[in-house]
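A short worksheet on the structure shown next.
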Number of protein chains: 2
Amino acid sequence: MLSETTVLAALASPRRREILRLVWNQELSAGTIHQAMPDVTFGAVSSQLRSLLEDGLIEARAESRHRFYRARREALGSLAEMLERMWDDKLWSLKLEAELEETRRGPRPRRRRRKT
Amino acid sequence: MLSETTVLAALASPRRREILRLVWNQELSAGTIHQAMPDVTFGAVSSQLRSLLEDGLIEARAESRHRFYRARREALGSLAEMLERMWDDKLWSLKLEAELEETRRGPRPRRRRRKT
DNA sequence: ACATTAGTTTAGTTTAAACTAAAGTAATGT
DNA sequence: ACATTACTTTAGTTTAAACTAAACTAATGT
């Protein structure tokens, strides 16, 4: 469901950002993507591709023995919205007051006391 | 210098996002922040605060025995710009062609051959 | 001086990410 | 049929993050 955490975690990796950038405007085969990052093995690239695929940030198409990948740009929409919400000040911390009030009243987190 | 990776990695943690949200519009003491997240120890919160501080996403002010934290909102500017650049299509993958050409010509990554 | 409060730091554990080397798979070429 | 190509997957290693419990520090209260 493309949570903020999923998208942010995916983007936090420079390697995955690089891949995403490569397939941003066009689809590329796994091999071509690997060629663009010769410092890692094919396996490593394949693994990151799978990760991006599972997170819904790219999509794949098989053709003969190639697999072509391309960015699912829509996936970043939620992140853009999140940032907008953040800049939009108030909304983001709206629940703060209520939350604090609640925990202030509720049972304080019991920390175990040292043995007497 | 607040690299994209730094900001994205910081935001990728739900815990740090929660903290950031709490101190987005106001400064709060470490204790108050901890009260808002009673499922973790004070130590854990303190550690995340330090991490956010080091990454330049929040700033701290000491007053008597309290330490007050608040978001450094400017820090997210670079991320917003990055997203804009991305949505702005072409720019992001501009270097792609040149890069691929280069690696295509250059020495292919030598994979060690199985022992004969 | 001693206890309490507010917070940080340390030591140690658990879990996960990123990678490599090598093996596996499936389609194509000869 | 066998080798090659284009990938994926597995097994194992290294490194780092997030956390807990407990020790530590520094300011305040009595």
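In what follows, chains are A, B, ... by sequence order, proteins preceding strands, each numbered from 1.
- Atom CG in B:L52 sits roughly 16 Å away from atom C1' in C:dT8 (whole-Å rounding).
- Residue A:Y69 is classed as a sugar-phosphate contact, given heavy-atom separations below 4.0 Å to backbone atoms only.
- Residue B:A30 places its side chain closer to C:dG7 than to any other of D:dT8, C:dG7, D:dC19.
- A straight line from CZ of A:F42 to C1' of D:dT8 spans 9 Å, rounded to a whole angstrom.
- Using a 4.0 Å cutoff on non-hydrogen atoms, the parts of residues 53-67 of chain A near DNA chain C are A:S64, A:R65, ordered by number.
- At least one side-chain nitrogen or oxygen of B:T41 sits closer than 4.0 Å to the OP1 or OP2 atom of D:dT20.
- Between B:R16 and D:dA17 there is no side-chain polar atom (N or O) within less than 4.0 angstrom of OP1 or OP2.
- To the nearest 0.5 Å, the span separating CZ on B:R17 from CG on B:L52 amounts to 11.5 Å.
- Between A:L20 and A:L11, some side-chain heavy-atom pair lies under the 4.5 Å cut-off.
- Residue A:R17 contributes atom CZ, which lies 17 Å from atom P of C:dA17 at whole-angstrom precision.
- Regarding contacts with the backbone of D:dA17, every side-chain N or O of B:Q48 stays at 4.0 angstrom or more from both OP1 and OP2.
- Using a 4.0 Å cut-off, no side-chain N or O of B:R50 falls inside it from OP1 or OP2 of C:dT8.
- Counting to the nearest Å, the P atom of D:dA17 and the CG atom of B:L49 are 16 Å from each other.
- Within the 4.5 Å cutoff, no side-chain heavy atoms of A:V7 are placed close to those of A:D55.
- For the pair A:E18 CD and C:dC19 P, the interatomic distance rounds to 10 Å; values are reported in whole Å.
- Residue A:S13 is in sugar-phosphate contact alone, with no base atom involved, counting any heavy-atom pair closer than 4.0 Å across all strands shown.
- At whole-Å resolution of the value, CZ in A:F68 and C1' in D:dT5 are 13 Å apart.
- Using a 4.5 Å cut-off on side-chain heavy atoms (C-beta onward), B:L28 and B:F68 make no contact.
- A:Q48 and A:R16 share a donor-acceptor pair across their side chains, judged by distance under 3.5 Å alone.
- The minimum heavy-atom distance between B:H66 and B:S29, with the atom names listed, is ND1-CB, 4.3 Å.
- A salt bridge is defined here as a Lys NZ or Arg NE, NH1 or NH2 lying under 4.0 Å from an Asp or Glu carboxylate O, and B:R61 with B:E63 meets this definition.
- Nucleic acid contact for A:S47: none, since no nucleic acid atom lies under 4.0 Å from a heavy atom of the residue.
- One finds no side-chain N or O of B:S29 lying less than 4.0 angstrom from the OP1 or OP2 phosphate oxygen of C:dA6.
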